[in-house]
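These numbers were taken from a predicted model, which means no experiment stands behind them. To find a chain, count down the sequence lines: A is the first, B the second, and so on, and within it residues start at 1.
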Amino acid sequence: MEHEATQLEKQHVHSVYENTAAYFNDLQSKAWPRVRNFLLEQKPGSLIADIGCGTGKYLSVNNQVYNIGCDYCGPLVEIARKKDEEVLVCDNLNLPFRDQCFNAVISIGVIHHFSTKQRRIKAIKEMARVLIPGGQMMIYVWAMEQKNRRFEKQDVLVPWNKALCSRHFSESNQSGDKGEFVHAVKSQDIHPAQLVISDCSYQTNLQPEIDSKHSHNMDHCLSRACCMKISEEENRFYSALGRSFRSWFFSTSLDESALRKQADKMKPPKNEGDWANSTVPIQHSRHCSLDLGHRGTLLKEQSLDDDDVFVESLSLKKTQWSSATDALRDLSLNGGHQSVAQSKSEEASCINGPVEDRDYSCGCNKDGAGKSNASKSSFKRTSTTDSTDSALDSAVSVGDQTDATLDTKAFMRYYHVFREGELCSLVEESVPELQILSSCYDHGNWCIIAEKRGT
Amino acid sequence: MVGTSKPAPLNHVPRSMTSSPLRVSSPRHGCPVTVVTAVQSGAAPLSPEVTQTGGGAGMKLLTHNLLCSNVRGLRPGGGFPLRIQASDVSVRPVPFNAAFVARLVPRLRWGALLEAAESLGHPSELPPEPAPDYEGDEAFLRRVHHVLLEVEVLEGFLQCPDSGRQFPISRGIPNMLLSEEEA
């Protein structure tokens with residue numbers, strides 16, 4: 001199990017972050033307000049660790065304390081270093097710090113990348129180890145329960161869409177077969193498959209900005225219930241996302257597999273691809289709470305607003321969304337059903353993240369059914385490693401037999417999304433050295449603050 | 001050990017110093033290099049041993065004081081402190097904040113700090129232990145400030161004292177990842 005876990009994370013966490021690091025720079029400048037407040041509340045002279053710091057956006061929030069950031073992903077850490085942050089590369093599961101040396105630790109959007117319960121526990125325990133007694137830890141993880149909807153399963157593979165993450169396309173970090181993908185995007189003729197919006201990019205890269213330079217905004221925002229004021233620019237972006245197609249793929253949980261004792265069905269992986277083949281059946285669905293049997297062209301003749309600020313660097317035109325993302329795969333492990341729910345783009349919405357002030361309806365409910373096209377598309381049973389088409393070339397349309405592109409698959413990130421109460425239970429049952437002080441739901445995330453026991 | 005008994009001038013870095021780092025290239029294995037010249041805008045020419053470049057940030061000794069080896073199977077405490085083998089060290093002024101430094105002092109493994117500073121050729125002129133009244137001693141705090149925050153390792157290795165495993169520092173970033181076998 002451990003090997004499968006590391007392989008899954010290597011393929012669908014680490015290598016994705018490594019290959020997409022160049023695009024994070026821009027949008028990683030925004031910080032969750034609650035996290036900022038947590039950091040700002042720490043006493044001057046404190047030592048604070050950001051475990052899974054990415055490009056280091058939290059490391060400069062409080063300059064009265066000493067911040068150290070660490071991340072598994074070298075390229076992200078390089079970006080942070082260039083911003084003069086104190087950073088290093090390491091593994092959350094094996095932190096290179098001595099016991100009890102930090103006053104506070106934050107883990108924002110990290111633990112949900114661990115693919116087994118044991119590893120998630122170990123990550124939390126490691127962070128507790130380096131906390132001084134009385135020190136506090138803040139953990140943010142993606143919630144299964146999103147506004148108006150929920151993920152259908154807890155273990156998901158979420159595509160990452162570079163086109164909507166970054167305003168600057170950089171070639172320098174691309175290598176090998178990823179280079180094709182970069183060139184495709186640069187052509188400004190965005191292929192529909194690339195416009196698949198990923199939850200992860202949406203959440204991690206696009207967070208409401210609290211600009212400390214504009215203190216009046218900050219005051220205003222803090223007084224609102226949602227504690228975030230979203231700028232006009234972001235509003236437009238969110239509405240653009242809202243009109244865009246979302247899709248995500250589900251994997252089976254490694255924990256589930258273990259519980260079902262289906263180890264015999266899992267071939268020992270010869271390489272990463274094999275692992276994906278044999279144990280990660282991918283079910284495509286538009287929305288978490290699915291109807292069966294709704295099929296149709298996705299987002300046909302839908303266009304994003306031309307005046308969406310974010311569009312400016314993308315030249316998004318009317319695009320024919322393909323049903324590449326219709327590609328369905330059986331849940332081979334439990335011989336489960338295929339389910340597709342498709343509807344027009346208005347129903348599509350961001351399932352995640354800080355989009356509290358837009359009310360997106362779930363298009364796959366009964367209302368959506370009537371609006372979707374009645375055309376049928378064929379379900380495709382494929383493996384994850386079939387396609388070698390570049391993102392640009394594979395113009396998959398309704399009924400097309402080709403797969404979603406390798407590039408799209410290659411950039412899928414694994415998440416274990418947490419149910420309500422799951423994170424708390426995890427800590428209470430398995431990390432007794434921590435005492436939970438508070439927990440809340442914050443824009444698609446479960447958040448807890450816990451304190452290290454002891455005097 | 002540093003051969004000279006004269007304090008290295010850079011222990012007292014003027015606040016007005018430019019922000020470009022002063023680079024001290026020392027041979028691997030941390031043989032100390034005597035720094036002979038304090039650099040200010042329009043000051044005397046640099047000694048040949050000191051190069052001035054526009055390099056980026058590096059690992060500070062405060063960070064080093066918190067780091068330990070995470071190799072499996074070490075004796076208790078056997079992973080600390082990591083021995084620094086620096087091939088590229090930079091010195092960069094940081095605004096001095098006495099209260100900030102004073103709060104850090106009790107958190108430090110003092111011996112490891114002194115040892116690290118020595119090994120980088122920046123003998124800290126610090127006592128074997130902080131004096132009881134250190135909080136009010138500005139000269140002392142400034143020396144602590146200097147070694148903790150103004151000396152940076154850009155290239156080199158951190159070596160686990162117990163296992164000998166070397167963790168690289170590249171472009172100022174220590175890489176503490178272990179291979180799957182080591183972890």
- Heavy-atom distance under 4.5 Å between the side chains of B:L104 and A:L47, does that happen here?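 Side chain of B:L104 against side chain of A:L47, heavy atoms only: contact under 4.5 Å found.
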
Q. Heavy-atom distance under 4.5 Å between the side chains of A:D84 and B:R92, does that happen here?
A.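 The answer is yes; the side chains approach within 4.5 Å.
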
Q. Can A:N103 and B:R107 be counted as having a side-chain donor-acceptor contact under 3.5 angstrom?
A.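 On atom types as modelled, these side chains qualify, holding a pair under 3.5 Å.
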
Heavy-atom contact with chain B under 4.5 Å, split by part of [X]:
X	answer
A:V130	neither
A:Q64	both
A:E78	both

Under 4.5 Å from any heavy atom of chain A, what part of [X] do you find: side chain, backbone, both or neither?
X	answer
B:I169	neither
B:S69	neither
B:L82	neither
B:L158	neither
B:R109	both

*asked:* Run the side-chain contact (heavy atoms from CB on, under 4.5 Å) test on A:R81 and B:R171 for me, step by step, so that the C-alpha distance in whole Å, both residues' side-chain angles and the decisive distance to 0.1 Å come before the verdict.
replied: CA-CA 8 Å; A:R81 180 88 267 185; B:R171 292 175 298 282; 5.8 Å; no

Between [atom1] of [X] and [atom2] of [Y], what distance do you get to the nearest 0.5 Å?
X	Y	atom1	atom2	result
B:N70	A:D91	CG	CG	8.0 Å
A:C70	B:I173	SG	CD1	12.0 Å
B:E180	A:E2	CD	CD	8.5 Å

inquiry  = With chain B as the partner, which of A:L93, A:D99, A:I68 has the greatest number of non-hydrogen pairs under 4.5 Å?
reply    =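 If we count pairs closer than 4.5 Å to chain B, A:I68 comes out on top.
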
Looking only at heavy atoms and a cut-off of under 4.5 Å, which of A:C101, A:G74, A:P44 has the most pairs with chain B?
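Among the listed options, the one with the most contacts to chain B is A:P44.
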
Is it true that a side-chain atom of A:E86 and a backbone atom of B:T63 form a donor plus acceptor pair closer than 3.5 Å?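 It does not hold such a pair.
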
Using a 3.5 Å distance criterion without hydrogens, assess whether the side chain of A:R98 forms a donor-acceptor pair with backbone atoms of B:N65.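 Yes: the side chain of A:R98 pairs with the backbone of B:N65.
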
So which residue, B:V101, B:V71, B:L62, B:N175, ends up with the most heavy-atom pairs under 4.5 Å with chain A?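 Greatest number of close heavy-atom pairs with chain A: B:L62.
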
Over 12 non-hydrogen atoms of neighbours within 6.0 angstrom of NZ in A:K125: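 More than 12 within 6.0 Å, yes.
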
Heavy-atom pair of closest approach, residues A:Y66 and B:L149: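 In this case the closest contact between A:Y66 and B:L149 is CE1-CD2, 3.8 Å.
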
